[in-house]
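One structure is given here, and the rest of the page talks about it.
Throughout, protein chains are lettered first and strands after them, A, B, ... in sequence-line order, and every chain is numbered starting at 1.
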Amino acid sequence: MPELPEVETTLNGITPLLTGKTIKAINIYQKQLRWPIPSTIKKKLTGTKVQHCRRRAKYLILETTGGSLIIHLGMSGSLHIIKSSIPAQKHDHFEMVLTNNQCLRLRDPRRFGAVLWGGNSPESHKLLKDLGPEPLDKDLPADHLYVVTRKRKRNIRDTLLDGHLIAGVGNIYANEALFLAGIRPTREAGSLSKPACRRLLVAIQQVLTAAIKAGGTTLKDFQSPTGNPGYFKQSLQVYGRELGACTSCGQPIKAKMVGSRRCFYCTKCQR
DNA sequence: AGGCCCTCCTGTAAGC
DNA sequence: TGCTTACAGGAGGGCC
């Protein structure tokens, strides 16, 4: 999926085209996503105006004058702004038609995504209320990772993927940040020192910031809502670079299954 | 509470 | 060429 930078890129793409616009219609072509799309959103959203678009973790929140819509892109979801006269394609499941005849369309081949009703307080939605802090929050304490990893037995890579501890970090950026911080993904989270945890948080912030700047990472088919790929792939140091040379020491990058997902790291630079 | 496993679905690419 | 299998960027829910 789209991880935090890809969701942020998506947000940046849709915000100027949605904000202030009136919703003429909602069309649901396939309601069976991760959870069923509530059919009540048609009535709740039609005729309302989009006031504000924002992101929380990997969720997009569209606030309208009638309540909020929560969108998650799952593993393969993408949003597109196109003319409503363009016919929906095979994996287009949901669309929001505006009175200017532009429309926001959700495409999601694997259907792990979600479109949910957030009402007047989306933050208190079951899926959002227990999320950890935003990694790019300027007020996030430098020792946050140290605090939340104490007594954690599982490996640090899987720990970073837990959105309840820190929000929005997926497998790609977890691997990249661990490389930048010089920490092996298999390390037990609770064994990391305070300086290592600080280094790791800074690395997460650096890699996410750089990826957002590049428009996200296109591994296969990620596109911004206006159709541009993300250019961060060329900046990846370890992810997907099995047997490639470590950019720091030249050693071949190792790939290994950790938990249920692959990790990539340098056996020399990451300890 | 934490950790592990299963699950949802389809496309793609590798392997035989 | 064609079939089978493994894997992919997520993450909630159930269970121990």
### Dot-bracket summary - DNA chain B, pairs being Watson-Crick or G-U whose distances fall under 3.5 Å, with | when paired to another strand
.|||||||.|||||||
#### Entry: Atom pair OG1 (A:T159) and CG (A:L200), whose distance is rounded to the nearest 0.5 Å
10.0 Å
### Query
Any cation-pi pair here, A:R150 with A:Y146, using under 6.0 Å and within 45°?
yes
### Task
Assess whether salt bridge (charged side-chain N to carboxylate O under 4.0 Å, His left out) is satisfied between A:R55 and A:E134, documenting all intermediate values.
CA-CA 10 Å; A:R55 176 189 64 73; A:E134 288 292 326; 2.9 Å; yes
### Face-to-face contact A:F112 to B:dC9 six-ring, under 5.5 Å, under 30°
no
### Query
Just checking A:L161: base, sugar-phosphate only, or nothing, at a heavy-atom cut-off of under 4.0 Å?
nothing
### Message
Which residue is it: A:L60, A:V7, A:T9, A:T10? I am looking for the one with a side chain to side chain contact (heavy atoms under 4.5 Å, CB included) to A:P2.
### Response
A:V7
Polar atom pairs (N or O), protein with nucleotides 10-14 of chain B, under 3.5 Å:
| residue | atom | partner | partner atom | Å |
| --- | --- | --- | --- | --- |
| B:dT10 | OP1 | A:R111 | NH2 | 2.8 |
| B:dT10 | O4' | A:P109 | O | 3.4 |
| B:dG11 | OP1 | A:K90 | NZ | 3.2 |
| B:dG11 | OP1 | A:H91 | NE2 | 2.7 |

### Query
Any idea which of C:dG10, C:dG12, B:dC4 is nearest the A:R154 side chain?
B:dC4
### Task
In whole angstrom, give the distance that lies between atom CG of A:L160 and atom C1' of C:dA11.
15 Å
### Message
Just the rounded figure in Å: distance from P of B:dC8 to CD of A:Q32.
### Response
12 Å
### Query
How long is the line joining CZ of A:R152 and P of B:dG2, in whole Å?
4 Å
### Task
Report yes if the distance between the aromatic ring centroids of A:H72 and A:Y59 is under 6.0 Å, otherwise no.
yes
### Task
Considering just the side-chain nitrogens and oxygens of A:K151, establish if one lies under 4.0 Å of OP1 or OP2 belonging to B:dG2.
no
### Query
How is A:H93 classified with respect to the nucleic acid when contacts are heavy atoms under 4.0 Å: base, sugar-phosphate, or nothing?
nothing
### Task
Please check if atom CG in A:N101 has more than 12 non-hydrogen atoms from other residues, nucleotides or ligands closer than 6.0 Å.
yes
### Summary
Exactly one candidate in A:T218, A:I172, A:T217, A:L219 meets side chain to side chain contact (heavy atoms under 4.5 Å, CB included) with A:F232; the answer is A:T217
### Task
Measure from CZ on A:R34 to P on B:dT7 and round the result to the nearest Å.
13 Å
#### Entry: Distance test, side-chain N/O of A:K58 to OP1/OP2 of C:dA11, below 4.0 Å
yes
#### Entry: Value in whole Å for how far the P atom of C:dA8 lies from CZ of A:R261
8 Å
#### Entry: Between B:dC8 (C1') and A:Q30 (CD): distance, integer Å
12 Å
### Message
If the cut-off is 4.0 Å, is A:H164 near the phosphate of C:dG12, judged by side-chain N/O to OP1 or OP2?
### Response
yes
### Message
Could you check whether any side-chain N or O of A:Q89 sits under 3.5 Å from a backbone N or O of A:H91, counting only pairs where one atom can act as donor and the other as acceptor?
### Response
no
### Query
Roughly how far apart, to the nearest Å, are C:dC3 and B:dC9 at atom P?
24 Å
### Query
Is A:R262 near enough to C:dC7 that one of its side-chain N or O atoms lies under 4.0 angstrom from OP1 or OP2?
no
### C:dA11 OP1/OP2 closer than 4.0 Å to side-chain N/O of A:H72
yes
### Query
CG/A:L106 to CD1/A:I28 distance, rounded to the nearest 0.5 angstrom?
11.0 Å
### Task
Grab the CD-P distance between A:E188 and B:dC4 for me, whole Å please.
10 Å
### Task
Please determine, for the side chain of A:Y59, which listed nucleotide (C:dG12, C:dA8, C:dG13) has the closest atom?
C:dG12
### Message
If we ignore hydrogens and angles and just use 3.5 Å, is the side chain of A:N175 paired with the main-chain N or O of A:N171 as donor and acceptor?
### Response
yes
### Task
Measure the distance from CD on A:E242 to P on C:dC7 and round it to the nearest whole Å.
12 Å
